[in-house]
Amino acid sequence: MKIGIIGTGYVGLPTGVGLAELGNEVVCIDQIESKINDLNNGKLTIFEDGLEELFIRNRQNGRLNFTLSMEKGIHDADVVLIAVGTPPDPETKKADMKYIYAAAQELAPFLNGYTVIAIKSTVPVGTGDQVEEIIRQKNPEADFDVISLPEFLREGFAIHDFFNPDRIVVGTNSARAQDVMAKLYAPFAPKTKMLFVKRRSSETIKYASNAFLAMKIHYINEMADFCEKAGADIYEVAQGLGADDRIGPKFLRTGPGYGGSCFPKDTNAMAYMARAFGVELSLVEATIRGNDKRKQLMAENVWAEAQKISNPQIAILGAAFKGGTDDCRESPALDIIKHLLEHPVQIRLYDPKALNNARKILGDAVYYAQDAYDAVQKADILLVLTEWEEFKSLDLAQIKQQMKGRLIFDMRGIFNPQEATQLGFDMRRLGIKSTAL
Ligand code: NAD
């Protein structure tokens, strides 16, 4: 099939590469010239595990192309995916639809033959109706259906998730569009469940899923706070909780709060949307407030110790919002760093992939370390903020030698607490009283 993808970001690019690998002819469109130039020159614009190999192969076999031209990308396409950003409005936090509506305006003149326009971006309920209206106004002759096709991939696992989706949700009442989508995703049948639902249900499923996951994270974080006071161990509690099939073990790791380009924005957009419908989503609202407060609280806990030291140097491992990605959008790590920088501290920051993106946000306010050992050099305090796999194999004895102080705030539960304590570190973990180790 011929596929045009509007928006070549964290969703559009892995999706385009994946669809090309399945044998489709894919044209990815973006409006940022440097992005398209890089991709046309064989340079990836994001980091995702496994992306490079498929990107190279499908560019070489000619199934994957990149263009700035909407016309080239849309002409003759069977399916057009809209994967542009839906960022939060800075004041109200509702989802800003300007990129979606602009994409609908721009694509409309170039439709020819029957085309399925699939909205992959996360959009408020009713957006499908509006996109349909915009296209119909702009090109009354066009033969098309607008469907909702929410994306559930996890950053850092985008390629894995593309090829192993839990479910594919298609929101449309059109039998013709359903046939096209069933054909496009036929390689995943019968293993993957394909759900055909109403367009508004599909739009809601995406927000309801992210709000639920955010609530689950916030829940375990509150339980961690409880365990810390009550003398229980959140790691043991999470194990016991997760062993219940009805609850499940995922998203039960405590941390400094959720972040990223989706959960903060989608919980806010969901709450805003509900308020507009006159519905109060009290659990979602409490999750948003609690998660916002949490990052400041984490920074205050670190400052409470740092202020006892003159000219405190804090080594920080992790800038990305989670391991496996270079994405720093709404990263709790960066929020905590910003709070810490309100105090007279020096920060030595290391992240395996996200330092370039961190630099765009933090500028020269911190020292960017070559590696983890460089970060901990003469540091008084070590703070772990992102759960990168490679941090798990760091040599704690070497870290001990290089650090000046002995305090570790391991907010991701990366290090072996017994080993660290034996080496003489003062280990602080979330959800465990430090003396309980
Ligand atoms: P992104 O910012 O990484 O990429 C969006 C791209 O769209 C940018 O490169 C931008 O230049 C381009 N663009 C915007 N308007 C355009 C236009 N008119 N023509 C051509 N290109 C245009 O965003 P993202 O992270 O890929 O997210 C896209 C959507 O998918 C959002 O709604 C997001 O909520 C949703 N989503 C994201 C994830 C994720 O993990 N990032 C997961 C699921 C869903």
Side-chain angles (χ1 to χ4, degrees), residues 4-18 27-39 44-49 51 66-74 80-89 93-110 117-124 127-128 131 134 148-162 165-169 202-203 205-207 209-211 213-214 258-270 320-322 324-331 357 360:
I5 302 185
I6 306 174
T8 311
Y10 283 89
V11 168
L13 184 56
T15 306
V17 168
V27 183
C28 295
I29 308 151
D30 207 285
Q31 58 189 6
I32 300 178
E33 200 172 341
S34 59
K35 224 177 228 195
I36 294 299
N37 287 344
D38 280 352
L39 292 164
L44 274 176
T45 44
I46 57 167
F47 170 76
E48 272 294 339
D49 204 21
L51 182 62
F66 299 93
T67 181
L68 284 166
S69 155
M70 192 62 86
E71 183 172 8
K72 280 191 193 145
I74 300 301
V80 173
L81 301 182
I82 301 181
V84 300
T86 47
D89 177 279
K93 303 275 169 79
K94 75 172 188 178
D96 184 348
M97 290 291 101
K98 66 172 178 274
Y99 299 109
I100 296 279
Y101 296 153
Q105 292 272 2
E106 291 161 25
L107 73 87
F110 305 116
I117 294 150
I119 304 179
K120 260 223 156 294
S121 304
T122 304
V123 293
T127 301
V131 167
I134 290 170
S148 161
L149 185 69
E151 180 55 65
F152 300 102
L153 65 76
R154 296 164 302 164
E155 269 183 53
F157 301 90
I159 292 297
H160 173 272
D161 290 354
F162 177 87
D166 291 334
R167 76 291 208 196
I168 294 163
V169 176
S202 173
E203 289 166 340
I205 286 170
K206 175 63 197 176
Y207 280 113
S209 301
N210 274 2
L213 292 172
Y258 61 75
S261 68
C262 292
F263 288 172
K265 142 177 120 54
D266 293 349
T267 43
N268 274 305
M270 170 102 241
F321 82 91
K322 65 174 184 179
T325 178
D326 62 349
D327 197 346
C328 286
R329 290 179 286 183
E330 298 272 344
S331 168
N357 284 338
K360 287 179 201 155

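Counting convention: from 1, in listed order, for ligands and their atoms alike. Quick caveat: nothing in here was measured; it's all calculated off a predicted structure. Heavy atoms only: backbone and side chains are in, while hydrogens, waters and symmetry mates are out.
Taking atom 19 (N) of ligand 1 as the reference point, the nearest protein heavy-atom neighbour is I6 CG2, 3.6 Å. The shortest contact between atom 29 (C) of ligand 1 and any protein heavy atom is with V84 O, 3.3 Å. The protein heavy atom nearest to atom 44 (C) of ligand 1 is T122 OG1, 3.5 Å. Here the protein heavy atom with the shortest distance to atom 4 (O) of ligand 1 is G9 CA, 3.3 Å. E151 O, 3.3 Å is the protein heavy atom nearest to atom 43 (C) of ligand 1. Among all non-hydrogen protein atoms, the one lying nearest atom 39 (C) of ligand 1 is E155 OE2, 3.4 Å. Of the protein's non-hydrogen atoms, the one nearest atom 37 (C) of ligand 1 is V11 CG2, 3.2 Å. Of all protein heavy atoms, the one closest to atom 7 (O) of ligand 1 is G7 CA, 3.2 Å.
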May I have the list of side-chain donor-acceptor pairs in residues 260-270 shorter than 3.5 Å, sequence neighbours left out?
unit_1: S261; atom_1: OG; unit_2: E155; atom_2: OE2; d: 3.3
unit_1: K265; atom_1: NZ; unit_2: T86; atom_2: O; d: 3.4
unit_1: K265; atom_1: NZ; unit_2: T86; atom_2: OG1; d: 3.1
unit_1: D266; atom_1: OD2; unit_2: N210; atom_2: ND2; d: 2.8
unit_1: T267; atom_1: OG1; unit_2: F263; atom_2: O; d: 2.6
unit_1: T267; atom_1: OG1; unit_2: P264; atom_2: O; d: 3.0
unit_1: N268; atom_1: ND2; unit_2: P264; atom_2: O; d: 2.9

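Applying the side chain to side chain donor-acceptor pair (under 3.5 Å) rule to S209 yields the partners R167; only residues at least two apart in sequence or on another chain are considered.
Listed by number with element, the atoms of ligand 1 under 4.0 Å from a non-hydrogen atom of I32 are 11 (O). Within the listing of ligand 1, atoms 40 (O), 42 (C) sit less than 4.0 angstrom from a heavy atom of L153. In the vicinity of G85, heavy-atom distances shorter than 4.0 Å reach the ligand 1 atoms 5 (C). Those atoms of ligand 1 with a heavy atom of K206 less than 4.0 angstrom away are 43 (C). In summary, the atoms of ligand 1 found under 4.0 Å from a heavy atom of A83, numbered by their order in the structure, are 5 (C), 28 (C).
Looking only at distances, no side-chain donor or acceptor of E151 sits under 3.5 Å from a matching main-chain atom of V11. With D30 contributing its side chain and T8 its backbone, the two residues share a donor-acceptor pair below 3.5 Å. A donor-acceptor pair under 3.5 Å is absent between the side-chain atoms of S121 and the main chain of V123, judged by distance alone.
Backbone and side-chain nitrogen or oxygen atoms of K35 are examined, and one is located within less than 3.5 angstrom of a nitrogen or oxygen of ligand 1. Of the polar atoms of K120, none of the N or O atoms is found under 3.5 Å from an N or O of ligand 1, judged by distance alone. Inclusion of D30 in the set of residues having an N or O under 3.5 Å from an N or O of ligand 1 is warranted. Close N/O approach between Q31 and ligand 1 is found [any backbone or side-chain N/O within under 3.5 Å]. In terms of polar-atom proximity, K265 is counted as a contact of ligand 1, with an N or O under 3.5 Å from an N or O of the ligand.
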* To do: Go through Y10 and T325 one step at a time and tell me if the side chain to side chain contact (heavy atoms under 4.5 Å, CB included) criterion holds.
  => CA-CA 10 Å; Y10 283 89; T325 178; 4.1 Å; yes

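More than 12 non-hydrogen atoms from other residues, nucleotides or ligands lie less than 6.0 angstrom from CG of D38. Residue-environment remark: NZ (K322) exceeds the threshold of 12 foreign heavy atoms within 6.0 Å. Annotation: F152, atom CZ; neighbour count of heavy atoms from other residues, nucleotides and ligands within 6.0 Å is above 12.
Listed here is the closest heavy atom pair of E48 and A158: OE1-N, 3.1 Å. Annotation for L13 and T45: closest pair CD2-OG1, 3.7 Å, computed over non-hydrogen atoms. Taking both residues in full, the closest heavy atoms of A104 and I134 are given as CB-CG2, 3.9 Å, listed atom of the first, atom of the second, then distance. Among all heavy-atom pairs drawn from L107 and M70, the shortest one is CA-CG, 3.9 Å. Taking every heavy atom of both residues into account, G9 and I46 meet most closely at O-CD1, 4.0 Å. Between T15 and L81, the shortest heavy-atom distance links the atoms CG2-CD1, 3.8 Å.
When the options Y10, Y99, F157, Y101 are ranked by their closest heavy atom to atom 24 (P) of ligand 1, first place goes to Y10. Looking at R154, E106, K98, it is E106 that brings a heavy atom closest to atom 18 (N) of ligand 1.
The part of C262 lying near ligand 1 is the side chain, judged by heavy-atom distances below 4.0 Å. The proximity of I46 to ligand 1, defined as any non-hydrogen pair under 4.0 Å, does not occur for either the backbone or the side chain. At a heavy-atom distance under 4.0 Å, only side-chain atoms of R329, from C-beta outward, approach ligand 1. The proximity of S261 to ligand 1, defined as any non-hydrogen pair under 4.0 Å, is limited to the side chain. Contacts between T86 and ligand 1 below 4.0 angstrom, taking non-hydrogen atoms only, involve backbone and side chain alike.
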